[in-house]
Amino acid sequence: MIAKVIVDVPSRQTDRPFDYIVPYHLQEWVEVGSRVGVPFGGRVLQGFVIQLQEESRLDQHKLKEIAELLDAAPPLLPDLIELASWMSHKYCCSHTQALQAMIPAALKGKEERFISINDDESDEWKSRVSAPLLHWLEQHSPKANWTVMMEQFPDEAAEIRKLIKDNKLQLQSYIKDKLAVKKVQAVYMPMQVQQQPFDALLDQLAKTALKQKEVLQYMYEQPQEQTIPIVNVTKELECATSTVRALVEKELLIQIDLEQQRDPYAGRHFKTTEPLLLTEEQQLVFEQIAITLDKQQPYTFLLQGVTGSGKTEVYLQSIDRCLKDGRQAIVLVPEISLTPQMVERFKGRFGDQVAVMHSRLSGGERYDEWRRIRNGESMVAIGARSAIFAPFQQLGLIIIDEEHESSYKQEESPKYHTRDVAVRRAMMHGATVILGSATPSLESYVAASMSNPKGKLSEDKRAALLSMTKRVNDRALPEVTVIDMKEELLANNRSMFSRRLHEALQERLQKGEQSVLLLNRRGFATFIMCRSCSYTMMCPHCDIALTYHQKSQVVRCHYCGYAEQTPTVCPACTSEHIRFFGTGTQKVEAELAKLFPGIRVIRMDVDTTSGKNAHEQLLKQFESRKADVLLGTQMVAKGLDFPYVTLVGVIAADTSLHLPDFRAAERTFQLLTQVAGRAGRHHLPGEVIIQSYTPEHYAIVTSQQHDYETFVQQELQHRRMLGYPPYCRLAVVTMSHDQLPLLSQVSHQFVEDLRQLADHEGVLVPLSSGFPRSLEVLGPVASPIAKMKDRYRFQCVLKYRGSIDIAALIQGTLHQYKEKSIQKKIQYSIDIDPQVIM
DNA sequence: AGCACGCCGACT
DNA sequence: GTCGGCGTGCTC
């Protein structure tokens, strides 16, 4: 049998299957999706079997054998292999990158090498190495670690290679996993012992061994061959481990290693909840979803529901319906809103069937949760982005909550968008997708509403828009006030708080209610600027301002890691007026303390949330009313639900409006709408105050009125005028090199070649022409970050429309560069803007 | 990505 | 005359 294997080398040249013979003893075990160790170019590499086929006589003589099988059960299933292949094409990444993204990092094996002395050879070679090396080899063979040897005897590397070639020494290597399964030592009483009368067993113990007797009795009373971890025994009976060991020595007990699963939620109790009675609106939505679930045909719903309309309950009941058919469900949530509150709702309804995967779990915990899914113990996976690859075999439902969130796009290769992958995966399984949001992304909204505006199912469509406009219990949306900060300035108020916000805060303090303050900034960097000469500290390797880290008193580049001490005087003009600028969360905090003496503030930013559970802990403190104000960036806006919050203030709504990003207005609208939903979710009425220098901007006006529809219409008009998605699709090709002239030359060449290829296919037509298939190539121009890690960066933007295989076009162009020197030195990065295929 | 093979400068 | 630089090319 021949296995086609994708080897774990992320390079363009090796990004294809290689053939290996499946050795006889592995024939029963190697499957599509298996992870194997294979000899490749003189070493052993990890690889994935993507196909199996019968041997043909033509090629087998040059083929090598699979060296080892790395897992008892294949970590990947055929559907994921197919999905990976689709991803590698669509997102222009190697197959191995796509495959690797699907399994926990714990399963990324690395080669480990050992060297041993070949016994049956003569001793004459021993004079060819130094005495210390020979001694070391003799001591450690046959498990002498190669890496250790190379570190200790670097000068003798060449001679060692020769000795291996001459068959005096032998090199062995195998793949070692990053993380092993956690084992606990456990004991059980073998049947033949347990069948004997207890007194007969006692005879084998010393009369004085009272503790051993206790243990023996305890084990004797267990059900037949019940395995119990030793720690449990010692805890229960308050005895030492050695006591148990003594019984193992006497063969009264047998010790084994028990695979243990780390349960990140161990010891927490989740209150069981029953399905709630749905409101009329929820019921209508649920019925539509139930129909497609029952049909088991792929379908995508965009569920637009105002904050507080009870989307989660609809999710829960949909999942329940899906589980009843014996199919599994995936729930995706933005990383930041995957809070214990959220987990609790799902665990409360579905109990242990829920597996949770997020970045705050350790590698081992994540691996264990993944294994629970893989072996069928778990039927519901809830997690961030990568949980879309949960290895379920019969997927019935995928839910993407807050589908507009930008964190669903992965920034590193493979640069996939979770939404697109979800729709694709659902197609393969006949599963239903629910995209939920109060403020859907324009591309989803347009795709769903064009596909099916009335929300009625029809046979020929695969998507529909569903909406919920009423809040559960008919609570009113909070009153939103927009303050024009220009007027504050005219009224000689130079503080960052408007008079209105100041009053409102004062009022909450008096009443003992809580407030949330949002500093609307993307990122949280604090940079350093001289107030005298406006010199800004920049990274010498990247075109990026250095960020200031308070804890370590250094300035650091967060793209390349370059760091230096924070200066006390300006390096350019030696002025002492060098200051930290940035998020200003600290500045806001200081001002709050000045204006409201004794105020208790919890600040959430990079500095305060870097620890493992810091984020969760801060929120807990706030929830238990240990603070009056929660102050922070975007992260305070997501999914929080505190009963005593009656005021939400946005310090400067327009800071995110003027970013060089065509989605800036959309992001601002979404953020403002979301924070507005934070206030007054319970019995106390809420108030929202938004401060802005451009209060007339449509993103601000419409968010004040909670008017998604009007915002969309205005924004669509802009997008159409400027030629941006959803009126076209975008792909950005970024190229980088350390020599600017060469980079410029190659990128111009690239654009020219791409145009030529597109023209050849008859699609190089301006978008304005109205042709169904059209493409424009813009650039090359310097990237927004013009230099990174000493490499200059140029980018080309492709705008296109219609059924154009943009990835194939780009790859086809790059493929033309036969000159290896160019191919190697220039680095390419290809970014496909998310597009909803429905 | 590694690692081997191969063709040109500074050393015993 | 050899050691070693890293440019080019291959890995089932």
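Letters A, B, ... mirror the listed sequences (proteins, then strands); counts begin at 1.
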Does the side-chain ring of A:Phe40 sit on the six-membered ring of the C:dT11 base, less than 5.5 Å centre to centre and under 30° in tilt? yes

Starting at [atom1] of [X] and ending at [atom2] of [N], how long is that distance when rounded to a whole Å?
X	N	atom1	atom2	answer
A:Gln827	B:dA1	CD	C1'	13 Å
A:Lys62	C:dC12	NZ	C1'	8 Å
A:Asp8	B:dG2	CG	P	10 Å
A:Leu45	C:dC10	CG	C1'	13 Å
A:Leu171	B:dC3	CG	P	10 Å
A:Ile50	C:dC12	CD1	P	16 Å
A:Ile21	C:dC12	CD1	P	12 Å
A:Arg43	B:dA4	CZ	P	10 Å

Results of side-chain contact (heavy atoms from CB on, under 4.5 Å) for A:Ala390 - residues two or more places apart only: A:Ile330, A:Ile373, A:Ala381, A:Phe392

The test is side-chain contact (heavy atoms from CB on, under 4.5 Å); show your working for A:Tyr416 and A:Tyr408 and say whether it passes. CA-CA 8 Å; A:Tyr416 64 90; A:Tyr408 282 123; over 6 Å; no

For A:Lys4, is the NZ atom crowded, meaning more than 12 foreign heavy atoms sit under 6.0 Å from it? yes

Side chain of [X]: nearest nucleotide among [options]?
X	options	answer
A:Arg16	B:dC3, C:dT11, C:dC12	C:dC12
A:Arg113	B:dC3, B:dA1, C:dC12	B:dC3
A:Leu63	C:dT11, C:dC12, B:dG2	C:dC12

Heavy atoms under 4.0 Å, any strand shown: does A:Pro39 hit a base, just sugar-phosphate, or nothing? sugar-phosphate

Pairs meeting criterion side chain to side chain donor-acceptor pair (under 3.5 Å) with involvement of residues 23-32 of chain A, two or more places apart: none

